[in-house]
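Heads up, the thing below is written out as structure tokens.
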Amino acid sequence: MVWAGLPIGTPLELRMDDLVDHQHKAVAPEHARQQLERILRSRAFRNSPKLCKLLSYLVEETINGRGGDLKEYLIGEVIYERRYNHDSARHSFVRTAAGRLRERLASYYEAEGLGDALGIEIPLGGYTPVFRHRFTPAKSLPESESCAVLPFREFTDGSGVSPLADDITDELIQRLTYVPGLRIVSRTSSFAFRESNMDLAEIARRLGVRQVVEGSVRHRSDRIELSARVIDSRDGLHKWSGEFSGRLPELAKLQNRMVQEVAQALQPGTQSSWLRQQEPSLSAWKLYRQGRYHAERRTLDGWSKAVACFRRALEIDPTYALAHAGLADANIVLANFGETEPAPAMAAARVASETALSIDSRLAEAHTSLAAVRMLADWDWEAAEHSFKEAIALGPSYAQAHHWYGRLLSHQLRFEEAMARMELAIALDPVSPATHAAAGMVAFEGKWFARALKHLEDALELSENYPLALWQIGVVHVESGDCVAGIEFLGKAEKILPSSCRLLSFCGYAHGKVGHRDIALRYLSRLSELSRSRYVSPLDIALIHVGLRNLDEAFALIERSIHQRDNYLCWLASSPYWSTIHSDPRYLIVAQGVSLPLPL
């Protein structure tokens, strides 16, 4: 994004208590300070205290009308406590620090700050910040409040119900995502700190939140006691605490009360219209939570186990809307990864999501599932986008809705909007390797390769040897011209997922592209052998032919995949590894058949 304009901070640019940007639009000091705080809390800055101190000083001096006095020697004395002899040429550390600050600000606005309404820039040749009203591709989530629910502690009578506290925590997180104006960190990120010895303030800082909910569960025979408290991480003070007790079969009612009171403590004045009142049977609820646990592992085995749990929950309680939505999601993901035949899986997902909505029309999870069906199976992009927006309006902190909506935007070649949406998903799920990996692939599709690698490396930092990140790093390297490194990373992923047809397809494609024809043909043979006992997408075979430049074979397989209504077709326009086919006249027919946009 290109910005132009003059720095603020001179008397002519100050209007009473306002700052003025290059378009003479008022920038109130409180808005400038709010933007500064947002930047300082970001992942790009929060572990760099010296850069935070420097940026804070420059911004505050400018807000207070002293921007024109910001000289190198003064910054050195005030910020770095180094005395100058007025020979600034001998003291380059301020210029070096300012250069790092400019780079870090640029990185922030390319990623986490992409959707921010106000920009801060340090122009070359000076130290006075420029404030910019920015035209953003996507609206940010409300800034009002942010919260993480940490795993509840459990005290039992030895009855062995150890997952109960986790299930209650998960339920609370899931329900709070519906509170308007409240940003709730997702389960994956909150549970990452289960065994942590960090103090509360540090956990809150790492999760990028201000408020934290802690609690405990006591279970004795058929009695259960829930306690919860809301803590302000800035000063450690308890804003609210409450206890809820009753018989175990009354757990759903107790949770309804707890959710409502916690929401009021976090967001005073919140209306209860967002609160779902469905009270499933205890056994169905436990099976649903078990399915959620498997799904949160974000592995193919986990999703398969989730399907079984959701089905068993629905056998007990066919009116359990969330279990229907969970079953829909599991079918969608398994079809997406080529692990099951797409048509029956997506048909099952459609039935499940529509059934969930017939039971509860305000269920964000079900609207998200239906949106994915409309995108991946119907190729009805407009209807899918409408459903994603409906889901986000109902559950603004539901990270999966932002994630999957980002995928739609990327498939439609709306890459800047897609990245803004993925950054929102990361803000809601900051320590999830799957979310960082997904953001990396959207950046890759926008051909921001360095940015893609940064997200994928973040995923590996969060989960060493995370196979999806290794796999996607390999793909990025192959498409950016470093096929040797790409094949190495794909090989690492293959050792972890040796029977993933989609991954084997990428391995064959990479070897074909680099000229290793015999190896690519061996991958083709492996897929052919696997197809005798399981589903193999025609597109997985087609991609290897693309790497080998056998485009006639590739298009024949693509045509077959259209008849099968393969989900994977949605990636044809956006993914660089399919770009070889874009110049072929036959691609125009394919794009029209799937309602895909033509490449930019």
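Treat the numbers as computed from the prediction; the structure is a model and nothing was measured.
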### Query
Can you check side chain to side chain donor-acceptor pair (under 3.5 Å) on Q211 and R234, steps first, answer last?
CA-CA 8 Å; Q211 301 183 94; R234 297 174 305 177; over 6 Å; no
### Task
Apply side chain to side chain contact (heavy atoms under 4.5 Å, CB included) to the pair E214 and R153, showing each step before the final yes or no.
CA-CA 8 Å; E214 290 185 326; R153 298 177 62 195; over 6 Å; no
### Message
Apply salt bridge (Lys or Arg N to Asp or Glu O under 4.0 Å) to residues D166 and R194 and explain how you reach the verdict.
### Response
CA-CA 10 Å; D166 287 356; R194 178 204 296 279; 2.8 Å; yes
### Check against side chain to side chain contact (heavy atoms under 4.5 Å, CB included), V212 and I203
CA-CA 9 Å; V212 174; I203 292 174; 5.8 Å; no
### Message
Applying side chain to side chain contact (heavy atoms under 4.5 Å, CB included) to V179 and L266, what does each step give before you reach the verdict?
### Response
CA-CA 9 Å; V179 180; L266 292 169; over 6 Å; no
### Message
Please determine whether side chain to side chain contact (heavy atoms under 4.5 Å, CB included) holds for the pair L456 and L468, giving the CA-CA distance in whole Å, both sets of side-chain angles, and the decisive distance to 0.1 Å.
### Response
CA-CA 9 Å; L456 294 167; L468 195 56; over 6 Å; no
### Query
Taking it one step at a time, do Y398 and E365 satisfy side chain to side chain donor-acceptor pair (under 3.5 Å)?
CA-CA 8 Å; Y398 184 39; E365 290 86 345; 5.3 Å; no
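In terms of modelled atom types and a separation under 3.5 Å, the side chain of S196 and the main chain of M198 share a donor-acceptor contact. For the pair N64 (side chain) and R66 (backbone), a donor-acceptor distance under 3.5 Å is absent. The closest donor-acceptor contact from the side chain of R102 to the backbone of P123 lies under 3.5 Å. Between the side chain of Q35 and the backbone N or O of L118 there is at least one donor-acceptor pair closer than 3.5 Å. Judged by distance alone, the side chain of H367 and the main-chain N or O of G395 form no donor-acceptor pair under 3.5 Å. Listed for the S463 side chain is no donor-acceptor partner under 3.5 Å among the backbone atoms of L460. Looking only at distances, a side-chain donor or acceptor of R183 sits under 3.5 Å from a matching main-chain atom of A427. Counting only distance, with no hydrogens or angles, the side chain of Y178 and the backbone of A364 share a donor-acceptor pair below 3.5 Å. Put simply, the side chain of S397 gets close to the backbone of L182: a donor and an acceptor are under 3.5 Å apart. Within the 3.5 Å criterion, the main-chain N or O of L370 finds no donor-acceptor partner in the side chain of S387.
Counting all heavy atoms, side chain and backbone alike, A418 lies closest to G406 at CB-O, 3.4 Å. Closest heavy-atom contact between L36 and S56: CD2-CA, 4.0 Å. The nearest pair of heavy atoms linking I173 to V185 is CG2-O, 3.7 Å. Contact detail for A325 and L363: the closest heavy-atom pair is CB-CD2, 4.3 Å. Scanning all heavy atoms of the two residues, the minimum distance from A98 to L54 falls at N-CD2, 4.3 Å. F152 approaches L172 most closely through the heavy-atom pair CZ-CD2, 3.8 Å.
Cation-pi contact between R187 and F191: present, with separation from the ring centre below 6.0 Å and deviation from the ring axis of at most 45°.
Residues R407 and E445 are paired through a salt bridge, judged by an N-O separation under 4.0 Å between the basic side chain and the carboxylate. Between R414 and E385 there is a salt bridge, with a side-chain nitrogen of the basic residue lying less than 4.0 Å from a carboxylate oxygen of the acidic one. Between R175 and E171, at least one side-chain N (NZ, or NE/NH1/NH2) sits under 4.0 Å from a carboxylate O, which counts as a salt bridge. With respect to the salt-bridge test (charged N to carboxylate O, under 4.0 angstrom), the residues E202 and R206 qualify. Under a 4.0 Å N-O distance rule, the pair E382/R374 does not qualify as a salt bridge.
D167 is linked by a side-chain hydrogen bond (donor to acceptor under 3.5 Å, both in side chains) to nothing, counting only residues two or more places apart in sequence or in another chain. Applying the salt bridge (Lys or Arg N to Asp or Glu O under 4.0 Å) test to D429 and every residue at least two apart in sequence or in another chain returns R298. Under the rule for a ring pair (Phe, Tyr, Trp, His ring centres under 6.0 Å), W448 has no partner lying at least two apart in sequence or in another chain. Under the side-chain hydrogen bond (donor to acceptor under 3.5 Å, both in side chains) criterion, Q412 pairs with no residue at all, not counting sequence neighbours. Residues meeting the side-chain hydrogen bond (donor to acceptor under 3.5 Å, both in side chains) test with Y577, sequence neighbours left out: S575. For the side-chain hydrogen bond (donor to acceptor under 3.5 Å, both in side chains) test, residues two or more places apart in sequence or in another chain that qualify with S216 are S227.
From D329, atom CG reaches atom OG of S369 across 3.5 Å, with rounding to the nearest 0.5 Å. Interatomic distance, E479 CD to F449 CZ, rounded to the nearest 0.5 Å: 6.5 Å. Interatomic distance, L105 CG to S42 OG, rounded to the nearest 0.5 Å: 9.0 Å. Note that the NE2 atom of H411 and the CE atom of M375 stand 5.0 Å from one another [nearest 0.5 Å]. Note that CG of D170 and CZ of R289 are 4.5 Å apart. Values are rounded to the nearest 0.5 Å. Here CG of D458 is found 12.0 Å from OG of S432. Values are rounded to the nearest 0.5 Å.
Side-chain atoms of S48 and R104, non-hydrogen and from C-beta on, do get closer than 4.5 Å to each other. Annotation: side chain of L453 is in contact with side chain of H477 (closest heavy-atom distance under 4.5 Å). Residues L462 and H436 form a side-chain contact, since some pair of their non-hydrogen atoms from C-beta on lies under 4.5 Å apart. Contact of the L428 side chain with the I184 side chain is not registered, since no non-hydrogen atoms from C-beta on lie closer than 4.5 Å. Side-chain contact between L413 and S574: present, with at least one pair of heavy atoms (C-beta onward) separated by less than 4.5 Å. You'll find the side chain of I39 reaches within 4.5 Å of the side chain of I120, heavy atoms only. In this structure, the side chains of V475 and F489 stay at 4.5 Å or more apart for every pair of heavy atoms. For the pair E72 and I75, the minimum side-chain heavy-atom distance is 4.5 Å or more.
Summarising the local packing, CZ of R33 is surrounded by more than 12 heavy atoms from other residues, nucleotides or ligands at distances under 6.0 Å.
Each of T62, D69, L101, V94 was scored for a side chain to side chain contact (heavy atoms under 4.5 Å, CB included) with Y127, with one residue passing: V94.
T368 and Q400 share no side-chain donor-acceptor pair at under 3.5 Å. In summary, the side chains of E423 and H455 do present a donor paired with an acceptor at a separation below 3.5 Å, with no hydrogens or angles considered. H238 and R229 share no donor-acceptor pair across their side chains, judged by distance under 3.5 Å alone.
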